[in-house]
Amino acid sequence: MRHPPRSGLLVVGAAVALVGTAIAPVVSASGATPACTVDYSVTSQWDTGFQGAVKITNNRAALSGWSLTFDFANGQKVGQGWNAKWSQSATTVTAANESWNGALGSGASVSAGFLASWSGSNAVPTTFKLNGTTCNVDTEPSPTPTDPPPTSGTAPELHVSGNKLVDAGGTTRRLLGVNRSGGEFMCVQGYGIFDGPVDDASVKAIADWKANTVRIPLNEECWLGLSNIKPEYAGANYISAVKDLVAKVEAHGMTPLVELHWNHGQYTGNSAGCSDVHATCQKPMPDAQYSPAFWSSVAGTFKDDQAVAFDLFNEPYPDRATSTTAQAWACWKDGGSCPGIGYEVAGMQDLVDAVRGTGARNLILAGGLAYSNDLSQWLTYKPSDPTGNLVAAFHTYNFNTCASESCWNSTLAPVAAQVPLVAGEIGENTCSHGFVDTAMKWFDDRGLSYLGWTWNTWDCSSGPSLISDYDGTPTSYGVGLRDHLRALNGGPVHALNG
């Protein structure tokens with residue numbers, strides 16, 4: 001879905017405490033500044049893996065290239081990394097500069113991150129060397145990070161049973177609620193992490209609409225802490241904020257649905273939202289460089305809290321880049337070098353594998369082609385999920401190609417007959433609710449799920465906005481969803497400011 005402009009930038013696209021420890025910069029006993037300092041942090045940790053980060057500061061003469069080495073003491077193994085060329089030989093880990101970040105001036109810093117496995121213990125490395133020179137002279141190692149308790153709440157743990165979603169007791173459930181946009185664009189634009197308040201009162205306002213689900217769009221560069229994101233909105237800070245929002249959503253009995261909305265990769269073809277390689281707009285597909293690492297980290301973070309559901313990728317549109325539908329669906333499932341897309345693509349199967357590789361059994365949603373508006377061959381290209389907890393995701397707006405009951409009958413009904421179907425975004429740009437009323441009735445009649453776009457106070461003509469105030473005051477468009485959800489659950493209706 002298209003977001004309204006913010007400060008001149010056109011943006012396109014529809015917890016628990018930090019598990020971190022760090023080795024901080026130090027001064028030697030002689031009072032001299034160390035030749036180099038390294039901050040090492042565990043951004044997120046789960047029972048079999050963790051996400052780590054290093055910030056290297058060069059305090060001596062400028063370098064034209066750099067290589068950082070350190071040793072793991074407990075058998076940890078680096079798997080994926082970013083902002084450096086990562087490798088490991090026995091216990092020794094090496095992070096060497098990329099072609100674009102080799103210059104490291106005097107006093108300059110560079111950051112990089114990685115995913116790694118661990119078992120039993122995850123001690124912080126004690127010695128770091130930059131181009132062979134020992135950093136952090138006279139520093140003491142920080143204590144071993146501990147895994148925090150999982151997010152607790154009253155939200156149900158959902159799984160797939162046939163073509164239905166059921167809770168742990170076997171009761172059929174539907175995901176009915178709203179999208180809470182902001183986490184996908186604020187951080188990469190340098191304004192913050194969320195758009196508007198995410199305190200308990202603002203989350204309670206969503207629950208007061210009788211919603212039971214909140215979809216939370218995310219940005220992979222912000223989650224992974226890539227170097228183009230302001231540190232205060234990146235990595236550990238971003239993850240901590242997302243965890244905190246997830247905890248608040250669960251505390252009100254609602255399902256948090258976290259999803260990858262914006263990602264890395266340069267695309268300038270048909271329907272391109274921007275020419276930027278960074279995650280500043282909606283791209284046609286996830287990227288192989290970072291998206292699997294993103295999902296490994298997200299899944300590892302929430303694997304012990306199966307009330308959290310995962311939406312793999314907001315709105316795929318490889319069909320706009322490729323010349324045939326068969327090519328588009330093949331790209332959607334298996335990724336690789338897709339025609340018309342200039343970066344290596346991670347397919348839905350790659351992302352399912354990344355999630356399940358952590359041991360996470362959480363519910364997974366996968367949207368189809370044409371910005372998730374085309375599920376015509378979803379069953380044919382359905383990714384393999386060893387847990388069987390895979391759901392079809394669909395988006396529909398009044399201006400989409402598949403926005404009529406006849407299209408829904410012909411393309412959605414066959415999918416919904418075999419797997420659960422969730423309309424992750426429904427909305428209209430008319431500042432009214434005639435279309436969503438029709439859509440909700442069609443989904444209700446078939447026991448399907450839907451989420452309104454979006455719980456943000458924008459001008460509804462530039463993006464369907466459900467509210468005019470974060471206290472839950474609905475717009476003339478939002479009153480349709482609010483009253484419908486309340487009618488389904490016995491709440492008060494028809495008071496515009498109620």
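Nothing here was measured: the structure is a model prediction, and the numbers come from that model.
Listed for the Thr43 side chain is no donor-acceptor partner under 3.5 Å among the backbone atoms of Gly235. Side-chain atoms of Thr438 come within 3.5 Å of backbone atoms of Gly434 as a donor-acceptor pair (strictly under, hydrogens ignored). Distance alone, capped at 3.5 Å, places no donor-acceptor pair between the Tyr290 side chain and the Leu224 backbone. In terms of modelled atom types and a separation under 3.5 Å, the side chain of Gln327 and the main chain of Thr322 share no donor-acceptor contact. Put simply, the side chain of Trp82 never gets that close to the backbone of Gln289: no donor and acceptor are under 3.5 Å apart. Put simply, the side chain of Asp350 gets close to the backbone of Gly347: a donor and an acceptor are under 3.5 Å apart. Side chain of Asn389 to main chain of His159: no donor-acceptor pair is present (N/O by atom type, distance under 3.5 Å, no hydrogens or angles). Without hydrogens or angle criteria, Thr280 side chain to Val188 main chain gives no donor-acceptor distance under 3.5 Å. When atom types are taken as modelled, the side chain of Asn74 and the backbone of Gly120 share no donor-acceptor pair closer than 3.5 angstrom. Distance alone, capped at 3.5 Å, places no donor-acceptor pair between the Ser297 side chain and the Ala293 backbone.
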Derivation and outcome, side chain to side chain contact (heavy atoms under 4.5 Å, CB included), residues Phe394 and Val415 = CA-CA 11 Å; Phe394 176 72; Val415 177; over 6 Å; no
inquiry  = Apply side chain to side chain contact (heavy atoms under 4.5 Å, CB included) to residues Cys274 and Gln282 and explain how you reach the verdict.
reply    = CA-CA 8 Å; Cys274 63; Gln282 191 162 280; over 6 Å; no
key: Step-by-step side chain to side chain donor-acceptor pair (under 3.5 Å) determination, Asn314 to Arg215   = CA-CA 11 Å; Asn314 176 45; Arg215 184 169 177 259; 3.0 Å; yes
request  = Apply side chain to side chain contact (heavy atoms under 4.5 Å, CB included) to Ser372 and Glu425, showing your working.
outcome  = CA-CA 9 Å; Ser372 294; Glu425 292 182 17; over 6 Å; no
Step-by-step side chain to side chain contact (heavy atoms under 4.5 Å, CB included) determination, Leu390 to Val160 = CA-CA 7 Å; Leu390 188 65; Val160 172; over 6 Å; no
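Taking the ring centroids of Trp332 and Tyr381, they lie at or beyond the 6.0 Å cut-off. For Tyr233 and Phe194, the distance between ring centers is not under 6.0 angstrom.
Side-chain contact between Asp311 and Val391 is absent, with no heavy atoms from C-beta onward closer than 4.5 Å. With contacts defined as side-chain heavy-atom distances shorter than 4.5 Å, the pair Leu257/Leu451 qualifies. With contacts defined as side-chain heavy-atom distances shorter than 4.5 Å, the pair Val352/Ser384 does not qualify. Residues Arg180 and Val249 fail the side-chain proximity criterion, which asks for heavy atoms closer than 4.5 Å. Proximity of Val419 to Lys382: side-chain heavy atoms (C-beta onward) are separated by under 4.5 Å at one or more points. Inter-residue side-chain proximity for Tyr238 and Leu218 is flagged as met; some heavy-atom pair is nearer than 4.5 Å. At a threshold of 4.5 Å between non-hydrogen side-chain atoms, the residues Val308 and Val258 count as touching. When side chains are defined from C-beta on, Val214 does not count as touching Val203, because their heavy atoms never get closer than 4.5 Å.
Distance CG/Leu351 to CZ/Phe313: 9.0 Å, rounded to 0.5 Å. Note: Leu448 CG to Leu421 CG = 5.5 Å, rounded to the nearest 0.5 Å. Atom CZ of residue Arg486 and atom CG of residue Leu481 lie 10.5 Å apart, to the nearest 0.5 angstrom. Distance check: Asp319 CG to Tyr371 OH gives 8.0 Å after rounding to the nearest 0.5 Å. Taking CH2 from Trp453 and CG from Asn429, the interatomic distance works out to 14.0 Å, rounded to the nearest 0.5 Å. In this structure, CG in Leu245 is found 10.5 Å from CD in Glu250, a value given to the nearest 0.5 Å.
In this structure Gln266 satisfies the side chain to side chain contact (heavy atoms under 4.5 Å, CB included) test together with Thr268, Val277, sequence neighbours excluded. By the side chain to side chain contact (heavy atoms under 4.5 Å, CB included) test, Arg361 pairs with Gln306, Thr387, sequence neighbours left out.
Counting all heavy atoms, side chain and backbone alike, Gln418 lies closest to Leu379 at NE2-CD1, 3.5 Å. Leu176 approaches Leu488 most closely through the heavy-atom pair CD1-CD1, 4.0 Å. Of all non-hydrogen atoms in Ala251 and Thr154, the two that sit nearest each other are O-OG1, 3.8 Å. Of all non-hydrogen atoms in Ser476 and Cys431, the two that sit nearest each other are OG-O, 2.7 Å. When all heavy atoms are compared, the tightest approach of Leu312 to Met348 is CD1-O, 4.0 Å. Considering all non-hydrogen atoms of both residues, Trp209 and Ile467 come closest at CZ2-CG2, 3.8 Å.
Partner of Tyr450 under the side-chain contact (heavy atoms from CB on, under 4.5 Å) criterion, chosen from Val422, Leu175, Ile426: Ile426. Paired with His484 under the rule side-chain hydrogen bond (donor to acceptor under 3.5 Å, both in side chains), one option of Asp444, Asp437, Asn489 passes, and it is Asp444.
Between Phe185 and Trp262, the ring planes lie tilted relative to each other; the angle falls in the 30° to 60° range. Between Trp295 and Phe310, the ring planes lie tilted relative to each other; the angle falls in the 30° to 60° range. Taking the six-membered ring for Trp and thresholds of 30 and 60 degrees, Phe114 and Phe50 have ring planes more than 60 degrees apart, a perpendicular arrangement.
Between the side chains of Ser181 and Asn179, no donor N or O sits under 3.5 Å from an acceptor N or O. For the residue pair Ser291 / Glu220, a side-chain donor-acceptor distance below 3.5 Å is found, with atom types taken as modelled. In the model, Ser432 has no side-chain atom that pairs as donor or acceptor with a side-chain atom of Thr430 under 3.5 Å. Side chains of Glu344 and Ser337: a donor on one and an acceptor on the other come within 3.5 Å. With hydrogens and angles left out, the side-chain atoms of Ser406 and Asn409 include no donor and acceptor closer than 3.5 Å.
Sorted by first and then second residue, the side chain to side chain donor-acceptor pair (under 3.5 Å) pairs with a member in residues 163-172 read Asp167-Arg173; sequence neighbours excluded.
Other residues, nucleotides and ligands place no more than 12 heavy atoms under 6.0 Å from the NZ atom of Lys441.
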